[in-house]
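Below: one structure, written as structure tokens.
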Amino acid sequence: MTTTASATRRRILQAAGAAGILSLTKAPTFAQAAPKKLIFAHVTPPPESSAVAFEAMAKEITERSKGELVMEFHGGTLLTKELEIINAVKAGNIAMGDPGGAAATVFPEMSVFLVPYLVGSYDQAYRMFNGQIGERLDTNIQEKYKLKVLFFYDYGFRHFWNSKRPIAEPKDLRGLKMRVQPAKVFADTINGLGGVAVPMAWGEVIPAAQSGVIDGADLPIVNILALKAYEVSKYCSMTYHNYGPTAAVMNLDIWNGLSEPQKKLFQEACHTAQATVRQLTESVDNLAKAKELLEPKGMAVNAADVAAFRKVAEEKVWPAYKSQFPEIWEEIVATKV
């Protein structure tokens, strides 16, 4: 971390009223013309897909607000852990952030969307999150966590990577120690499909793979590239087993303190950012593109029997979640039509 970034981080982790952070109180008359500084923290820098979108969004909001707002994007430098970022946004120490791939840990109500093979396509996902389901989630997150959802996005469908063997059908997963995020649905997925789930924060994953503590993990193609999983893995298997939704959020008090034109500007910029993430993520999430990008880096990329994996998931994982989330489950199933 640079000296400048370290100093910024120290300021942000001080009292919420520190200089440079968006104040929630009315400014003195003489300071009315001063721009509002809005800081957005994210766990990774560009060229990771959402980081590219957030960086462009910060530039658009700053330029189009004509001096009223200054949005600063910090990717992988300011706060580097998902929970740390969300806690800072909740406290108002920074304006915006996202839980990255840990959305189901931060917002347990999003766990149902991660049930393996329940969400079957990107089009289905965006119909849900840009429709009534997304609106209800936003309302719930505002009420429960005091955070405003700016927009939902995703890291794509997750695929297995490991150092032992290609995973083409469920039996190939048996006995493999696979890292999962702390949310229960991830462990249920791996254990249900036949592997051995090892809960672990991302910061420990690469050393654990190097030392043999784990055999591999799962990530979307865009993040296998961005996080350089190919450096500790020989095989990438296109299983499409979990869809990975997440959300960019703003401290609710800060959001409510924006003027209506400023909120409209945010909504327009967020629409563009969501489209950018979607295009960057989806464009690499297919066998041909994965081979093109990963095989030159030393990985062998293989297709998997998705139907066989789905059948196991429906038998082993679905029943518990269907009974836990009966109403939303039916809504999700209905959006497949």
Side-chain angles (χ1 to χ4, degrees), residues 42-53 55 75-77 80-82 100-102 114 116 122 153-170 172-181 186 189-190 193-244 246 277-306 309:
H42 181 61
V43 293
T44 52
E48 186 264 326
S49 56
S50 53
V52 170
E55 189 172 63
T77 58
T80 57
K81 297 178 181 178
E82 295 97 330
L114 288 156
Y122 288 106
Y153 67 101
D154 64 69
Y155 287 103
F157 286 89
R158 301 176 83 89
H159 308 283
F160 291 122
W161 55 267
N162 81 101
S163 59
K164 297 294 186 182
R165 55 181 177 265
I167 299 171
E169 51 188 296
D172 299 324
L173 189 59
R174 291 175 192 162
L176 292 183
K177 297 172 291 183
M178 305 296 282
R179 173 265 177 173
V180 297
Q181 293 184 24
F186 290 111
T189 295
I190 301 303
L193 294 178
V196 179
V198 182
M200 183 180 295
W202 173 256
E204 304 170 36
V205 172
I206 298 301
Q210 288 172 327
S211 64
V213 171
I214 59 172
D215 297 311
D218 62 355
L219 285 170
I221 297 300
V222 68
N223 279 349
I224 291 176
L225 284 161
L227 300 173
K228 300 182 179 180
Y230 51 78
E231 293 183 348
V232 293
S233 178
K234 296 179 182 178
Y235 305 102
C236 172
S237 303
M238 304 288 287
T239 48
Y240 297 92
H241 53 277
N242 287 115
Y243 173 73
T246 188
V277 179
R278 185 175 183 185
Q279 189 278 326
L280 291 173
T281 299
E282 292 182 44
S283 65
V284 301
D285 196 13
N286 60 78
L287 181 63
K289 195 67 176 180
K291 281 180 170 287
E292 176 189 330
L293 295 170
L294 294 173
E295 290 191 342
K297 298 183 182 299
M299 295 189 89
V301 181
N302 68 279
D305 187 344
V306 173
F309 277 100

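Taking CG of Leu193 as the start and CG of Leu176 as the end, the distance is 12.0 Å to the nearest 0.5 Å. Here Ile190 contributes atom CD1 and Leu173 contributes atom CG; the two are 6.0 Å apart, rounded to the nearest 0.5 Å. The CD1 atom of Ile214 sits 10.0 Å away from atom CG of Asn162, with the distance rounded to the nearest 0.5 Å. The OH atom of Tyr243 lies 3.5 Å from the CG atom of Asp154; values are rounded to the nearest 0.5 Å.
The closest side-chain heavy-atom distance from Val180 to Thr189 is not below 4.5 Å. Side-chain contact between Ile221 and Leu294 is present, with heavy atoms from C-beta onward closer than 4.5 Å. Counting only heavy atoms from C-beta outward, the side chains of Val222 and Asp285 never approach each other to under 4.5 Å. Looking only at side-chain heavy atoms (C-beta outward), Asp218 and Met178 stay at 4.5 Å or farther from each other. You'll find the side chain of Ile224 reaches within 4.5 Å of the side chain of Cys236, heavy atoms only. Taking the side chain as every heavy atom from C-beta outward, Leu280 and Glu48 never approach each other to under 4.5 Å. A 4.5 Å side-chain heavy-atom check between Leu227 and Thr44 finds at least one atom pair inside the cut-off. A heavy-atom distance below 4.5 Å is found between the side chains of Leu219 and Trp161.
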Ser233 vs Met299, side-chain contact (heavy atoms from CB on, under 4.5 Å): CA-CA, chis, key distance, verdict: CA-CA 7 Å; Ser233 178; Met299 295 189 89; 3.5 Å; yes
Evaluation steps, side-chain hydrogen bond (donor to acceptor under 3.5 Å, both in side chains), between Gln279 and Thr281: CA-CA 6 Å; Gln279 189 278 326; Thr281 299; over 6 Å; no
Worked check of side-chain contact (heavy atoms from CB on, under 4.5 Å) between Met238 and Val301: CA-CA 7 Å; Met238 304 288 287; Val301 181; 4.1 Å; yes
Step-by-step side-chain contact (heavy atoms from CB on, under 4.5 Å) determination, Val306 to Thr239: CA-CA 6 Å; Val306 173; Thr239 48; 5.7 Å; no
Ser163 vs Asp215, side-chain hydrogen bond (donor to acceptor under 3.5 Å, both in side chains): CA-CA, chis, key distance, verdict: CA-CA 6 Å; Ser163 59; Asp215 297 311; 5.0 Å; no
Criterion side-chain contact (heavy atoms from CB on, under 4.5 Å) on Trp202 and Gln181, from CA distance to verdict: CA-CA 8 Å; Trp202 173 256; Gln181 293 184 24; over 6 Å; no
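Using the six-membered ring where Trp is involved, Tyr122 and Phe157 have ring planes that are perpendicular, over 60° apart on the 30 and 60° scheme. The aromatic rings of Tyr155 and His42 sit parallel, their planes meeting at an angle under 30°, below the 60° perpendicular limit.
Looking at every heavy atom in both residues, Lys177 comes nearest to Val198 through CB-CG2, 4.1 Å. Across every non-hydrogen atom of Asn286 and Tyr240, the tightest pair is CA-OH, 3.6 Å. Nearest heavy atom pair, residue Asp172 against residue Arg165, reads O-NE, 2.9 Å. Listed here is the closest heavy atom pair of Gly156 and Pro220: O-CG, 4.0 Å. Of all heavy-atom pairs between Ala51 and Pro46, the closest is CB-N, 3.4 Å. Here the closest non-hydrogen pair linking Tyr153 and Ser50 is CE1-CB, 3.5 Å.
Between the side chain of Arg179 and the main chain of Ala217, no donor-acceptor pair closer than 3.5 Å is present. Formation of a donor-acceptor pair under 3.5 Å by the Thr246 side chain with backbone atoms of Gly100 is found in this model. Of the possible donor and acceptor atoms, none in the side chain of Asn302 sits under 3.5 Å from a partner among the backbone N and O of Pro166.
Residue pairs meeting the salt bridge (Lys or Arg N to Asp or Glu O under 4.0 Å) criterion with at least one partner in residues 287-302, sequence neighbours excluded, are Lys289-Glu292, Lys291-Glu295. Screening residues 220-236 for salt bridge (Lys or Arg N to Asp or Glu O under 4.0 Å), with sequence neighbours left out, gives no hits.
Taking the ring centroids of His241 and Phe309, they lie at or beyond the 6.0 Å cut-off.
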